[in-house]
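First the structure, in the form of structure tokens, and then the observations on it.
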Amino acid sequence: MYAKISRQSKPNGDIKPKRLTPLLKWAGGKRWLVDELLEAFPTTSKRYYEPFLGGAAIFFAFCPQQATLSDTNKELINCYRQVRDQPQVVLQALRKLKNTEANYYRVRERQPTDRIERAARLLFLTSLSFNGIFRQNLDGLFNVPYGNKTHINPADSAKIMAASKALKGSKLVWNDFETVTDKAVAGDIVYFDPPYTVAHGNNGFVKYNAKIFSWDDQIRLSNIAERLSKRGCFVFISNADHPSIRDLYKTFNLKVVARQSKIAAATEYRKAITECLFFNAEVIRAGTSKHR
């Protein structure tokens, strides 16, 4: 089933109109999909769930007053918790970390146990790393080189305070997506953005993606999405545009969305990549999306 998603003009006092810049840049981030999703999200929702949080681009653009946000990356969830609860203390810790190449590698080598120091370390490294990305080696250690961004101040007070304010009404959970969404009820929005790559096409797609998110987990996710849909939740899933993925969501509506590939260094060699945005019939019945 194919559908175009149209904007719901009816305002809702429970949702803030302000769109914020994500606190972190994250691999597979969905900044490019913000407009598409915000046009589709119902304005009468109760609570927002985002189990694969990452850089939280959609959350920070949406800014719901009540949300359950989760990820299996413990350091990421700790960072968001400290920014939410103790932003000024996080800023104090960040101001002690100087933006130099030598200091970057010193911080990268450290493994602090203090929660504030861990949060400051993650913000510092992702702000100054090459391409601003978070990446770990097989031992779970951050291994991105310094990006020579001497003009950047990781202790961005305005950005961190704004993120803290947006996170105030959020429950931050370090857990599996199935457990986290178990309490979602009718009228809640659930947005799933599981890890995947679209670079391998039909050749070895499932095998390659199994390294970052197993095929069994993809099946489990589709079953949970179906269950939440029957419960009356507004369910959205962004995923790779691949026949095996489409087969998992046959009962959902599909919108194919395109973005520019960033793999090639030269702009002229970058091509459009399609991905899938699935959403359930509850969205259409609520009047937030219409077939055209």
Side-chain angles (χ1 to χ4, degrees), residues 14-41 45 47-87 90-91 94 115 118-127 129 131-136 142 154 156-177 180-181 184 188-196 212-213 221 234-239 257 259 275 277:
D14 293 334
I15 298 175
K16 308 170 190 176
K18 176 75 172 176
R19 293 191 185 188
L20 300 179
T21 302
L23 189 61
L24 301 164
K25 185 178 178 182
W26 210 256
K30 290 298 183 290
R31 296 189 194 196
W32 63 277
L33 197 56
V34 162
D35 289 338
E36 196 80 51
L37 280 168
L38 262 60
E39 286 181 358
F41 283 173
S45 60
R47 178 180 288 270
Y48 174 72
Y49 285 80
E50 189 171 344
F52 301 93
L53 189 57
I58 306 303
F59 166 78
F60 282 117
F62 190 38
C63 284
Q65 288 193 345
Q66 295 186 68
T68 297
L69 310 172
S70 60
D71 202 282
T72 55
N73 187 308
K74 190 174 185 178
E75 291 306 305
L76 180 69
I77 293 301
N78 173 70
C79 182
Y80 284 130
R81 283 176 179 170
Q82 305 317 313
V83 167
R84 178 193 63 188
D85 299 337
Q86 304 183 78
V90 173
L91 281 166
L94 273 171
R115 292 177 182 178
R118 284 163 49 202
R121 176 181 180 270
L122 182 60
L123 289 168
F124 179 82
L125 292 176
T126 53
S127 295
S129 66
N131 278 342
I133 62 171
F134 177 92
R135 185 185 67 204
Q136 294 176 312
F142 187 87
D156 188 332
S157 178
K159 188 175 183 179
I160 288 174
M161 294 307 296
S164 178
K165 184 177 179 180
L167 288 163
K168 287 300 182 187
S170 298
K171 181 180 179 181
L172 287 157
V173 183
W174 173 48
N175 213 328
D176 178 77
F177 62 89
V180 170
T181 58
D188 289 345
I189 297 175
V190 184
Y191 171 52
F192 293 111
D193 180 32
Y196 61 90
I212 54 176
F213 192 66
L221 176 59
F234 301 103
V235 184
F236 297 83
I237 309 103
S238 49
N239 216 318
V257 289
R259 64 175 176 86
E275 300 188 29
L277 176 59

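For the single chain, residues carry numbers from 1 onward in sequence order. Note that this is a predicted model, so its numbers are computed, not measured.
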Over all heavy atoms of both residues, which pair between [X] and [Y] is shortest? Give the atoms and the distance, please.
X: Leu23; Y: Ala163; answer: CD1-CB, 4.1 Å
X: Leu94; Y: Ala120; answer: CD2-O, 3.3 Å
X: Ile58; Y: Glu50; answer: CB-OE1, 4.1 Å
X: Leu20; Y: Ala162; answer: CD1-O, 3.6 Å
X: Met161; Y: Pro87; answer: SD-CB, 3.6 Å
X: Pro22; Y: Gly55; answer: CB-O, 3.4 Å

> Yes or no on side chain to side chain contact (heavy atoms under 4.5 Å, CB included) for Leu53 and Leu172, after CA distance, side-chain angles and deciding distance?
Replying inline: CA-CA 10 Å; Leu53 189 57; Leu172 287 157; 4.1 Å; yes
>> Tell me whether the rings of Phe134 and Trp26 are parallel (<30°), tilted (30 to 60°) or perpendicular (>60°).
In response: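 Answer is parallel, since the angle falls under 30°.
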>> Ring-plane angle category for Phe62 and Tyr48, please: parallel below 30°, perpendicular beyond 60°, tilted otherwise.
In response: perpendicular
> What residue among Val190, Leu33, Ile189 forms side chain to side chain contact (heavy atoms under 4.5 Å, CB included) with Phe236?
Replying inline: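 Answer after filtering Val190, Leu33, Ile189: Ile189.
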Say whether, by atom type as modelled, one donor and one acceptor occur between the side chain of [X] and the main chain of [Y] under 3.5 angstrom.
X: Lys30; Y: Gly28; result: yes
X: Ser164; Y: Val83; result: yes
X: Lys171; Y: Leu69; result: no
X: Asp193; Y: Phe52; result: no

Would you say [X] and [Y] make side-chain contact, with heavy atoms under 4.5 Å?
X: Phe192; Y: Val235; result: yes
X: Val173; Y: Ile77; result: no
X: Asp188; Y: Gln66; result: no
X: Ser129; Y: Phe142; result: yes

>> Is it the case that the ring center of Phe59 lies less than 6.0 angstrom away from the ring center of Tyr191?
In response: no
>> Between Phe213 and Tyr196, is the ring centroid distance below 6.0 Å?
In response: no
> Atom CZ of Arg47 and atom CD of Gln65: how far apart are they, to the nearest 0.5 Å?
Replying inline: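 CD of Gln65 is found 11.5 Å from CZ of Arg47.
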>> What's the separation between atom OG1 in Thr126 and atom CZ in Arg121, rounded to the nearest 0.5 Å?
In response: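 Interatomic distance, Thr126 OG1 to Arg121 CZ, rounded to 0.5 Å: 10.5 Å.
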>> Between Ile237 and Leu277, is the side chain to side chain contact (heavy atoms under 4.5 Å, CB included) condition met? List the steps.
In response: CA-CA 6 Å; Ile237 309 103; Leu277 176 59; over 6 Å; no
> What's the verdict on side chain to side chain contact (heavy atoms under 4.5 Å, CB included) for Arg31 and Lys25, showing C-alpha distance, side-chain angles and the deciding distance?
Replying inline: CA-CA 9 Å; Arg31 296 189 194 196; Lys25 185 178 178 182; 4.1 Å; yes
>> Under the criterion side chain to side chain contact (heavy atoms under 4.5 Å, CB included), I'd like the reasoning laid out for Asp71 against Tyr80: C-alpha separation, chi angles, the key distance, then a yes or no.
In response: CA-CA 11 Å; Asp71 202 282; Tyr80 284 130; over 6 Å; no
> Would Ser70 and Tyr49 count as having a side-chain donor-acceptor pair, cut-off 3.5 Å?
Replying inline: no
>> Test of understanding: with side chain to side chain donor-acceptor pair (under 3.5 Å), list the residues that count as partners of Gln82, not counting sequence neighbours.
In response: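 In terms of side chain to side chain donor-acceptor pair (under 3.5 Å), with neighbours along the sequence ignored, Gln82 is linked to Asn78, Gln86.
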